[in-house]
Amino acid sequence: MSVVTAPTQADPSSGTDRRPGPLLDVVVPVYNEERDLETSVRRLHAHLTDHFPYPFRITIADNASTDGTPQIAAALAGELQAVTSLRMAQKGRGRALRAAWSASDAKVLAYCDVDLSTDLAALLPLVAPLITGHSDLAIGTRLSPGSRVVRGAKREFISRSYNLILRGTLHARFSDAQCGFKAIRADVARRLLPLVKDTGWFFDTELLVLAERAGLRIHEVPVDWVDDPDSSVDIVATAIADLKGVARLGRALATGALPLHELRAQLGRDDIRPAENEVAGVPKGMPGQIVRFAAIGVASTLAYLLIYALLRGSMGAFGANLVGLVITAVANTAANRRLTFGVRGREGAAAHQFQGLMVFGLGLALTSGALAALGVWWPHASQLVEMVVLVAANALSTVLRFVAFRAWIFRARRSPSQQEISA
């Protein structure tokens with residue numbers, strides 16, 4: 001319906017004759033696509049007219065084409081209702097998307113590649129969670145078990161390798177960063193777009209990583225996707241640019257250059273899951289402490305059994321039990337003091353060891369009592385049976401030791417920072 005010319009970004013106040021307030025604006029970024037543009041836009045327009053039950057717009061975002069693309073876009077905008085075109089003076093798919101989305105008055109913003117490799121039947125499932133407010137962004141994924149994809153081995157390898165790089169370097173959890181089929185709520189886009197620096201193919205990835213770090217919900221839709229063998233994308237140049245983008249974004253995240261805390265406070269959703277290392281109904285920090293305490297306990301028990309086995313013949317059962325418990329109790333208290341409860345430095349170490357030995361006395365009473373009871377009930381029990389009984393008694397004393405450590409010995413001596421470490 002109209003043509004807008006923008007040197008770097010679209011101007012919402014340019015007097016463009018657009019129908020106000022469509023629910024969905026689907027942007028088609030193009031560069032020298034005179035061969036496919038008309039067919040693809042007509043197909044997209046027909047699909048939305050027949051299958052999309054809300055007001056929509058299609059925006060052709062031309063980023064500095066040098067062939068007949070601008071003229072075709074203008075003709076389509078003049079002929080088809082709800083089609084408009086945007087002309088950029090500079091190249092860059094990300095730049096074109098930023099300009100079109102920034103200028104749009106739609107509630108939900110989307111884009112698809114001009115080759116329409118993604119089956120358009122996935123368009124309504126893509127934007128539906130954004131319309132209802134269930135999600136903040138949505139992406140088509142070719143890497144879901146429910147997707148059906150036809151493409152060559154080379155592109156398959158590159159795509160999967162890129163997504164593995166994102167997971168390993170930026171800790172991304174979304175499955176497919178490169179599928180040209182995405183959508184975002186307009187209110188979310190207004191907050192995130194100013195922070196996205198890339199103007200090329202890395203634009204999508206940067207936007208998704210920022211959204212994920214801000215605590216936004218990203219909905220993934222399995223798609224049917226057929227590779228365009230005549231795609232003009234330079235795979236090598238795009239891959240190099242993407243890797244540079246990964247490095248730049250990684251530095252920004254590592255140095256705190258991005259206002260992630262502010263974004264999370266403004267846009268992030270409350271996590272309905274317990275925080276990492278937390279379990280519903282369990283005091284904060286305890287699950288992580290239990291894991292570390294258990295690991296130390298296993299090591300202590302193995303060391304105790306080794307000492308007991310080595311000294312049993314020369315010192316007898318009670319003597320070997322006493323020596324083994326003393327040695328491992330001292331080491332256990334020191335390890336738990338530092339690793340489980342985050343108490344560092346020499347201050348209070350002697351007191352902690354003394355209190356730990358008091359707890360050790362309880363363990364000695366339990367294990368010695370177990371040996372005495374075994375001697376009464378089974379006077380000729382083998383050494384293996386003795387060790388099984390001792391392991392059971394040690395398990396009970398371990399539980400009591402954890403309670404004593406957490407509730408008594410280290411409770412009042414942990415600073416807030418140390419408590420956070422232990423959590």
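Count residues from 1 along the sequence.
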**Request:** Report yes or no: do Ser65 and Asp62 form a side-chain donor-acceptor pair below 3.5 Å?
**Result:** yes
**Prompt:** Can you tell me how far the CD1 atom of Ile58 sits from the OG1 atom of Thr84, to the nearest 0.5 Å?
**Reply:** 11.0 Å
**Item:** Arg173 with Glu220: basic N within carboxylate O range, under 4.0 Å
**Value:** no
**Min side-chain heavy-atom separation Gln90-Asn63 under 4.5 Å** = no
**Test side-chain contact (heavy atoms from CB on, under 4.5 Å) applied to Phe52 and Leu124, step by step** = CA-CA 7 Å; Phe52 192 73; Leu124 183 55; 3.8 Å; yes
**Prompt:** Which is it for Glu262 and Arg191 under the salt bridge (Lys or Arg N to Asp or Glu O under 4.0 Å) test, yes or no, and what are the steps along the way?
**Reply:** CA-CA 11 Å; Glu262 179 183 345; Arg191 289 292 291 114; 3.7 Å; yes
**Message:** For Ala177, is there any backbone N or O sitting under 3.5 Å from a side-chain donor or acceptor partner on Asn163?
**Reply:** yes
**Prompt:** Passes salt bridge (Lys or Arg N to Asp or Glu O under 4.0 Å), Lys107 versus Asp187? Steps please.
**Reply:** CA-CA 8 Å; Lys107 300 293 189 298; Asp187 58 324; over 6 Å; no
**Fill in**
Heavy atoms of Glu34 and Asp67 approach each other most closely as CG-OD2, 3.2 Å
**Message:** Could you work out, with ring-ring contact (aromatic ring centres under 6.0 Å, His included) as the rule, every residue matching His51, not counting sequence neighbours?
**Reply:** His47
**Request:** Give the C-alpha distance, both sets of side-chain angles, the deciding distance and a yes or no for side-chain contact (heavy atoms from CB on, under 4.5 Å) between Arg98 and Thr199.
**Result:** CA-CA 8 Å; Arg98 186 202 316 276; Thr199 58; 4.2 Å; yes
**Request:** Give a yes or no answer on whether the side chain of Thr333 reaches the backbone of Ala329 with a donor-acceptor pair at less than 3.5 Å.
**Result:** yes
**Prompt:** Between Arg185 and Ser135, what is the shortest heavy-atom contact and its length?
**Reply:** NH1-O, 3.3 Å
**Check: Arg151 main-chain N/O paired with Asp227 side-chain donor or acceptor under 3.5 Å** = no
**Message:** Whether Asp224 and Arg142 form a salt bridge (side-chain N of Lys/Arg under 4.0 Å from carboxylate O of Asp/Glu) is what I want to check.
**Reply:** no
**Message:** Could you check whether any side-chain N or O of Asn336 sits under 3.5 Å from a backbone N or O of Asn332, counting only pairs where one atom can act as donor and the other as acceptor?
**Reply:** yes
**Request:** Hey, can you tell me if His134 and His219 have their rings parallel, tilted or perpendicular (30° and 60° cut-offs)?
**Result:** perpendicular
**Request:** Answer yes or no: is there a side-chain heavy-atom contact under 4.5 Å between Asp242 and Gln178?
**Result:** yes
**Asked** Taking all non-hydrogen atoms of both residues, which atom of Val223 and which atom of Ala122 are closest, and how far apart?
**Response** CG1-CB, 3.9 Å
**Request:** May I ask you to test the Glu212-His171 pair for a side-chain heavy-atom distance under 4.5 Å?
**Result:** no
**Prompt:** Is there side-chain contact between Leu192 and Leu263, with at least one heavy-atom pair below 4.5 Å?
**Reply:** yes
**Asked** Donor-acceptor pair, Asn32 side chain versus Thr66 backbone, under 3.5 Å?
**Response** yes
**Item:** Closest approach of Val83 to His45 (non-hydrogen atoms, all atoms of both residues)
**Value:** CG2-CD2, 3.7 Å
**Request:** Work out which heavy atom in Ile184 is nearest to a heavy atom in Leu130; give both atom names and the distance.
**Result:** N-CD1, 3.5 Å
**Request:** Test Ser117 against every option in Asp119, Asp113, Asp115 by the side chain to side chain donor-acceptor pair (under 3.5 Å) rule and name the one that passes.
**Result:** Asp115
**Prompt:** Is there side-chain contact between Ser147 and Leu143, with at least one heavy-atom pair below 4.5 Å?
**Reply:** no
**Request:** Salt-bridge test for Asp204 and Arg93: reply yes if a basic N is under 4.0 Å from a carboxylate O, no otherwise.
**Result:** yes
**Request:** State, with a plain yes or no, whether a side-chain heavy atom of Trp101 is found less than 4.5 Å away from one of Leu193.
**Result:** yes
**Message:** Main chain of Leu109, side chain of Asp25: is a donor-acceptor contact present, judged purely on distance under 3.5 Å?
**Reply:** no
**Message:** Closer than 3.5 angstrom, by distance alone: can the side chain of Thr39 be matched with the main-chain N or O of Asp36 as a donor-acceptor pair?
**Reply:** no
**Pair Thr141-Ser175, side-chain donor/acceptor within less than 3.5 Å** = yes
**salt bridge (Lys or Arg N to Asp or Glu O under 4.0 Å) between Arg217 and Asp136, intermediate numbers included** = CA-CA 5 Å; Arg217 175 178 286 165; Asp136 305 297; over 6 Å; no
**Request:** Assess Arg148 against Trp225: is NZ or CZ under 6.0 Å from the centre of the six-membered ring, and within 45 degrees of the ring's axis?
**Result:** no
**Asked** Okay, side chain of Thr59, backbone of Ala61: is any donor-acceptor separation there less than 3.5 Å?
**Response** no
**Prompt:** Any chance the rings of Tyr54 and Phe56 have centres within less than 6.0 Å?
**Reply:** no
**Item:** Non-hydrogen atoms of Ala393 and Ala370 that approach each other most closely
**Value:** CB-CB, 4.0 Å
**cation_pi(Lys244, Phe202) dist<6.0 Å, angle<=45** = no
